[in-house]
Amino acid sequence: QAAVLYRDFAERTRKSPYPRVFEAFGRMLRVVPHCGPEATEALVDEFQTPHAFAAALRNSSDTDLLLRLRQRRGGRAAVSASALAACRELFTP
């Protein structure tokens with residue numbers, strides 16, 4: 001592996017003053033009732049953006065979404081039905 005100049009490394013790894021979409025999305029989810037750290041992580045991992053999450057809420061039932069999230073987490077339910085219901089109120093018209 002070739003050596004990298006420090007200034008190139010610093011430029012590639014510097015922090016942005018602007019939050020990435022998934023970071024902002026995670027903060028949004030943390031203020032939703034019943035949406036704790038594990039639920040937030042599971043939702044951000046699965047949907048990445050509020051737009052993708054809103055589309056999933058429009059196109060899928062709560063049961064389907066809960067099964068999808070549970071399968072992704074190895075059978076563990078990180079997102080509760082009450083958290084999903086609270087998200088549905090906020091993310092769908």
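Residues satisfying the side-chain hydrogen bond (donor to acceptor under 3.5 Å, both in side chains) criterion with T92, sequence neighbours excluded, are absent altogether. S80 is linked by a side-chain hydrogen bond (donor to acceptor under 3.5 Å, both in side chains) to S82, counting only residues two or more places apart in sequence or in another chain. By the side-chain hydrogen bond (donor to acceptor under 3.5 Å, both in side chains) test, E38 pairs with R76, sequence neighbours left out.
At a threshold of 4.5 Å between non-hydrogen side-chain atoms, the residues L66 and S61 do not count as touching. Between L57 and F53, the closest side-chain pair of non-hydrogen atoms falls below 4.5 Å. Residues P50 and M28 have side chains in contact (heavy-atom distance under 4.5 Å, counting atoms from C-beta outward). Contact of the F47 side chain with the L29 side chain is not registered, since no non-hydrogen atoms from C-beta on lie closer than 4.5 Å. A 4.5 Å side-chain heavy-atom check between H34 and C87 finds every atom pair outside the cut-off.
Smallest separation of non-hydrogen atoms from V79 and A42: CG2-CB, 4.0 Å. Residues L84 and D62 share a closest heavy-atom pair of CD2-O, 3.6 Å.
Note on ring orientation: taking the six-membered ring where Trp is involved, the planes of F25 and F91 are perpendicular (angle over 60°, cut-offs 30° and 60°).
In this structure, the separation between CG on L67 and CD on Q71 is 6.5 Å, given to the nearest 0.5 Å. In this structure, CD in E46 is found 8.5 Å from CG in L43, a value given to the nearest 0.5 Å. In this structure, the separation between CZ on R88 and CG on L65 is 6.5 Å, given to the nearest 0.5 Å.
In terms of modelled atom types and a separation under 3.5 Å, the side chain of D64 and the main chain of S60 share no donor-acceptor contact. No donor-acceptor distance shorter than 3.5 angstrom exists from the side chain of R30 to the backbone of T40, with no hydrogens or angles considered.
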